[in-house]
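Notes to accompany the following structure.
Please read all numbers here as calculations on a predicted model, not as lab measurements. The analysis underlying the following values was restricted to heavy atoms, covering all of them including side chains, and did not include hydrogens, waters or symmetry mates. Every chain is numbered from 1 and lettered A, B, ... according to where its sequence line falls, protein lines coming before strand lines.
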There are 2 protein chains.
Amino acid sequence: MDILETRRGRRTLHPQRVTMKDVAEAANVSTMTVSNVIHNRAYVTAELRKLVQEKIKHLGYVPNRAAQELAGVSRPHVGLLYPAIINPFIAAVIAGSMRAASRLKVDVSVQLAQLDDPRALRTTMSRMKEAGVDGFLLPSPIAELAATAFRKKALDVPAVALAPGIPIAGMASVRSDERQAAYDIVSMLFDLGHRRIGHVAGPDSQGGSIARLQGYSDAMRAHGLAPDPHLVIKSPSFRFQDGLAAAETLMSSEPRVTAIFAANDTLAASVVATAQRRGISVPQDLSVVGYDDAPVAEQVWPGLTTIHQDAQVMTERAMEILEKGIKAWRKDRSIRLAEDVVVPYEVVRRASCAPAPVK
Amino acid sequence: MDILETRRGRRTLHPQRVTMKDVAEAANVSTMTVSNVIHNRAYVTAELRKLVQEKIKHLGYVPNRAAQELAGVSRPHVGLLYPAIINPFIAAVIAGSMRAASRLKVDVSVQLAQLDDPRALRTTMSRMKEAGVDGFLLPSPIAELAATAFRKKALDVPAVALAPGIPIAGMASVRSDERQAAYDIVSMLFDLGHRRIGHVAGPDSQGGSIARLQGYSDAMRAHGLAPDPHLVIKSPSFRFQDGLAAAETLMSSEPRVTAIFAANDTLAASVVATAQRRGISVPQDLSVVGYDDAPVAEQVWPGLTTIHQDAQVMTERAMEILEKGIKAWRKDRSIRLAEDVVVPYEVVRRASCAPAPVK
DNA sequence: CGGGCCTGACCGGTGACCAGT
DNA sequence: AACTGGTCACCGGTCAGGCCC
């Protein structure tokens with residue numbers, strides 16, 4: 001009676017929620033026993049265990065996270081930063097994080113990051129740390145920016161960089177071997193007979209631009225093709241509009257290139273669009289390859305041959321590393337993550353490549 | 001001394017976090033006064049208020065959300081469901097939710113939803129409710145699925161449908177007038193001289209397929225063009241591959257269409273690809289328009305004329321409605337949201353349209 | 001002595017109530 | 001009586017320690 005009175009009169013805002021006490025009363029045990037059952041701990045007879053589990057299911061009891069947290073059962077809490085422009089890679093990272101988080105029982109706070117200012121990033125991250133975040137998941141290009149932001153004073157919580165363009169000191173990373181992938185795809189063009197192969201490079205600050213350029217250069221050299229500065233044009237961003245200008249320049253150089261490797265699929269789409277506008281037919285006159293296997297790679301005509309890397313899988317791996325890292329770090333604050341996980345990539349062949357035209 | 005001892009010996013896992021007690025001691029007041037300062041409540045002298053605020057800043061105190069929650073200061077907690085396939089619309093919804101959430105001080109739980117099974121959706125949503133979610137944000141096509149799932153037993157928490165294809169009973173919604181937008185874009189084709197205008201419709205179950213088809217039909221009729229079943233092909237999904245088959249069929253019908261309105265940009269890209277493969281030049285021989293202003297609309301050649309709706313803005317509006325709705329609902333459980341907010345759309349002109357070819 | 005279960009203090013805040021001026 | 005500010009119980013769990021058989 002008394003208890004009912006109390007419950008009826010309480011001021012809580014989630015009125016009806018079933019508590020552990022309710023379960024305990026229903027099963028005629030103490031709350032502690034219920035807790036022990038939930039956490040599969042010893043010191044509970046099989047019989048009682050079963051009874052309690054039944055009551056839990058019957059009443060629809062779900063532990064109150066806030067209470068658990070307060071009592072000291074804290075989950076890892078990771079901060080995920082994302083840039084204002086949501087590309088398919090970032091979308092996959094966000095989705096992958098959510099999936100991994102509920103699987104691994106990890107809390108995630110998602111925050112928008114300014115891409116232009118390292119100091120603003122440092123402020124954002126500090127604020128998140130103060131609010132309880134104890135590990136960061138940093139997709140490219142935020143990882144690179146964080147490296148700048150924490151150049152002097154190292155970041156003191158675990159962090160994992162996702163697909164960073166360069167290895168970043170003091171962080172773990174999950175990436176594919178982009179240099180090698182670029183090498184492979186350029187070699188494939190060589191094998192089709194192409195000799196004048198151009199490259200639309202991405203901005204140095206971003207993602208795998210540097211690794212992809214390196215792979216291109218390595219492949220050219222390995223096949224005995226002299227490096228030619230006219231063959232490489234750097235686009236100021238990975239955006240379509242900027243790619244158009246770069247493509248225009250590259251395609252005006254003489255003698256004409258017969259194949260172009262663009263640093264991502266959006267830039268490759270720019271190349272295809274420019275070719276079509278100029279009446280150059282792809283792939284008969286010009287072969288084009290991209291990188292990332294973004295949706296646009298399938299949706300343009302002809303479909304783009306490209307490199308596929310599975311961002312969701314990479315993200316889930318990263319989250320696992322982070323979860324372990326945070327747990328370890330909580331025990332020993334001097335621990336620094338440094339794993340470098342390399343996941344496989346895959347060449348996806350579509351219609352945008354053909355043998356080089358005979359002269 | 002005693003207190004220091006206690007703090008030193010405590011078992012908490014977030015060792016160094018500054019608590020309200022620390023601030024209270026530093027300012028020589030009670031914790032309650034600190035609380036009052038934080039919440040801008042009366043009964044604190046300006047002098048003391050300032051002192052406390054200083055100490056808070058100096059110590060870097062941040063309230064512990066778990067403790068607040070437990071003590072009854074509960075924020076609205078919205079559940080966001082998303083489909084496995086992350087298209088640009090969903091990506092924008094997720095990003096917009098995160099932004100709105102931190103602005104409005106709302107908690108968000110993001111969960112993957114199965115698209116095939118209404119019962120699974122109901123289970124997921126129930127589980128989320130048990131875990132404390134008290135409002136849902138349902139982007140299309142999940143909103144439509146939820147309508148089926150809760151046909152018999154109404155959903156008893158506030159929910160907002162984002163860009164639902166059809167109005168959904170018992171939910172608020174934020175959408176643009178898709179019928180009118182489709183009407184406008186088809187009329188634009190008419191004004192360019194097109195008379196045989198085809199439509200690649202999307203699946204009935206999804207998003208605005210029905211409204212867009214309706215707008216198309218209305219426009220045709222309004223301009224005195226007889227409805228012709230050969231002019232409308234339904235694609236089984238909004239995916240590129242399915243669109244190719246639909247485009248193929250539509251472009252084989254005689255007499256030839258001179259313009260095609262596709263129900264979204266991906267399908268429009270399918271049309272463009274099919275045209276190019278068949279040697280039909282766009283826009284000279286065939287004008288193509290899409291819907292959504294997805295990234296692909298810019299990235300194909302020629303760029304697609306399409307309808308732009310700002311998913312981020314729509315999401316932020318939806319979140320505001322939900323936040324108010326949850327607060328109201330907590331006071332009076334009989335309240336049901338029913339607002340229907342219509343946001344403006346915009347026709348984006350790109351190169352994929354031209355005057356109809358003269359016969 | 002040890003397995004099985006319960007009691008009491010505590011996590012970090014907040015609301016109700018109370019005590020001075 | 002109107003302001004200020006402090007005290008204490010409580011939110012819903014968890015851990016240490018105790019009691020009993």
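- With sequence neighbours excluded, the residues forming a side-chain contact (heavy atoms from CB on, under 4.5 Å) with B/A311 are B/F89, B/A92, listed by chain and number.
- Phosphate contact (OP1/OP2 of D/dT14, side-chain N/O of A/Q68, threshold under 4.0 Å): present.
- Heavy-atom distances under 4.0 Å link DNA chain C to no residue of residues 44-54 of chain B.
- B/S97 meets the side chain to side chain donor-acceptor pair (under 3.5 Å) test with no other residue; sequence neighbours excluded.
- Note on residues 312-325 of chain A: pairs passing side chain to side chain donor-acceptor pair (under 3.5 Å), not counting sequence neighbours, are A/R99-A/Q312, A/R99-A/E316, A/R103-A/E316, A/R103-A/E320, A/R317-A/E320, A/E323-A/K327.
- Residue B/R65 is out of contact with every strand shown, counting any heavy-atom pair closer than 4.0 Å.
- Here B/N36 pairs with B/R41 under the side chain to side chain donor-acceptor pair (under 3.5 Å) rule; sequence neighbours left out.
- The side chain to side chain donor-acceptor pair (under 3.5 Å) check on A/E144 picks up A/S140, with sequence neighbours excluded.
- Screening residues 112-121 of chain B for side chain to side chain donor-acceptor pair (under 3.5 Å), with sequence neighbours left out, gives no hits.
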Canonical and wobble pairing (Watson-Crick, G-U, under 3.5 Å) of DNA chain D, dot-bracket with |: .||||||||||||||||||||
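- Residue pairs meeting the side chain to side chain donor-acceptor pair (under 3.5 Å) criterion with at least one partner in residues 147-161 of chain A, sequence neighbours excluded, are A/K129-A/D156.
- Among C/dG13, D/dG6, D/dC15, the nucleotide with an atom closest to any side-chain atom of A/M32 is D/dC15.
- We find that CG of A/L70 is positioned 4 Å from C1' of C/dC11, with the value rounded to whole Å.
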